[in-house]
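Before any comments, here is the structure.
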Amino acid sequence: MRAADADRDAVAERLATALAEGRLDLEEYDLRLSSAMRAATLGQLEPLTADLPLRQEARSPEPPASDAGSGDASPWREWFDEWRSWLGGAVIMVAIWGGTSLLNGEPQAFWPVLPLGIWAAILIAGLFWPQHDGCGGKSG
C-alpha cells in the first residue's frame with residue numbers, strides 16, 4: 001500500500017522521539033529519517049521503527065499531570081507567563097529606543113509606549129474576557 005505524507009510524518013515523529021530518548025544516535029536518526037522521507041510504501045516505512053518501542057508519549061503524560069495537580073493555578077500561571085513575555089518585550093523595545101536615542105545624541109519620542117500599551121491592554125482584556133477552546137482560544 002502506498003504511504004501518505006501523514007504516514008511519513010508519523011514515522012519521522014517516532015524517530016525524533018527515539019533520538020530524544022537516546023535510543024538512536026544522530027547518524028542512525030539521519031539515515032532512518034532520509035529513508036522515511038523517500039519511502040513510497042508502508043512496507044518501506046515499517047522496518048524503520050520496528051526495533052523501537054511503542055510511542056512513549058501515550059504511556060507517560062507526566063508533565064500535563066503535574067500541571068493538572070495545581071488546580072486553578074494553571075490559568076493564572078499562563079497569564080503571568082504572558083506578562084513575563086510582555087516584560088521581555090518591554091526590555092528589548094526600551095533598549096532599542098535607548099540605543100537609537102544615544103546614537104542620535106538626544107532622546108527620541110518614546111515609541112515603545114504604543115506597542116506595549118496595546119499588548120498590555122490585550123492581556124488585561126484577556127483577564128475579563130477569557131478565550132475558551134471552542135472560540136479560537138488556546139487549548140490547554
Side-chain angles (χ1 to χ4, degrees):
M1 186 178 289
R2 304 274 309 169
D5 287 340
D7 299 319
R8 285 184 281 275
D9 290 343
V11 169
E13 187 176 315
R14 280 191 68 197
L15 293 173
T17 300
L19 176 67
E21 294 173 346
R23 297 182 192 281
L24 296 175
D25 62 16
L26 191 55
E27 184 178 333
E28 180 73 16
Y29 169 76
D30 286 337
L31 179 68
R32 290 186 189 204
L33 183 62
S34 62
S35 296
M37 293 300 114
R38 288 191 312 265
T41 65
L42 294 176
Q44 293 171 318
L45 289 174
E46 288 172 5
L48 299 174
T49 57
D51 62 338
L52 299 174
L54 294 178
R55 294 181 180 253
Q56 293 295 315
E57 304 88 27
R59 290 193 311 181
S60 60
E62 283 114 25
S66 65
D67 286 345
S70 62
D72 294 340
S74 181
W76 287 107
R77 172 185 272 171
E78 185 176 315
W79 193 69
F80 284 119
D81 287 344
E82 290 174 3
W83 276 104
R84 189 178 5 226
S85 297
W86 179 90
L87 183 60
V91 168
I92 291 169
M93 287 184 224
V94 170
I96 292 170
W97 169 80
T100 56
S101 292
L102 284 175
L103 289 175
N104 288 327
E106 62 185 21
Q108 302 297 303
F110 190 68
W111 59 265
V113 73
L114 184 63
L116 292 174
I118 293 170
W119 192 356
I122 291 169
L123 291 177
I124 292 169
L127 183 63
F128 295 104
W129 297 285
Q131 294 179 342
H132 301 287
D133 292 345
C135 299
K138 295 179 187 174
S139 60

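These figures come from a predicted structure and were not determined experimentally. Note that these values count all heavy atoms, side chains included, but never hydrogens, waters or copies made by symmetry. Counting begins at 1 with the first residue of the sequence.
- Hydrophobic cluster membership of Leu102, counting Ile, Leu, Val, Met, Phe, Trp and Tyr whose side-chain heavy atoms lie under 4.5 Å apart directly or via other members: none, as it forms a cluster of its own.
- When all heavy atoms of Pro115 and Pro112 are compared, the closest pair comes out as CD-O, 3.3 Å.
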Would you give me the side-chain donor-acceptor pairs under 3.5 Å for residues 86-97, sequence neighbours excluded?
from  : atom 1 : to     : atom 2 : distance (Å)
Trp86 : NE1    : Leu116 : O      : 3.0
Trp97 : NE1    : Gln108 : O      : 3.0
Trp97 : NE1    : Ala109 : O      : 3.2

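- Glu13 is not listed as a side-chain neighbour of Asp9, based on a closest heavy-atom distance of 4.5 Å or more.
- In the hydrophobic cluster analysis, where Ile, Leu, Val, Met, Phe, Trp and Tyr join through side-chain heavy atoms closer than 4.5 angstrom, Phe110 is grouped apart from Leu103.
- You'll find the side chain of Leu52 reaches within 4.5 Å of the side chain of Arg32, heavy atoms only.
- Side chain of Arg14 to main chain of Pro53: a donor-acceptor pair is present (N/O by atom type, distance under 3.5 Å, no hydrogens or angles).
- Here the CG atom belonging to Leu33 is positioned 10.5 Å from the CG atom belonging to Leu26, to the nearest 0.5 angstrom.
- Counting side-chain heavy-atom gaps under 4.5 Å among Ile, Leu, Val, Met, Phe, Trp and Tyr, the cluster of Leu114 also holds Ile118, Ile122.
- The backbone N or O of Thr41 sits less than 3.5 Å from a side-chain atom of Gln44, completing a donor-acceptor pair.
- Note that the CD atom of Glu28 and the CZ atom of Arg23 stand 14.0 Å from one another [nearest 0.5 Å].
- No chain of hydrophobic side-chain contacts below 4.5 Å, direct or via other Ile, Leu, Val, Met, Phe, Trp or Tyr residues, connects Leu31 to Tyr29.
- Closest approach of Leu15 to Leu48, counting heavy atoms only: CD2-O, 3.7 Å.
- Looking only at distances, a side-chain donor or acceptor of Asp7 sits under 3.5 Å from a matching main-chain atom of Ala4.
- Note that OG of Ser85 and CZ of Phe80 are 13.5 Å apart. Values are rounded to the nearest 0.5 Å.
- The heavy-atom pair separating Met37 from Arg8 by the smallest distance is CE-O, 3.6 Å.
- Here the closest heavy-atom approach between residue Ala3 and residue Ala39 is recorded as CB-O, 4.5 Å.
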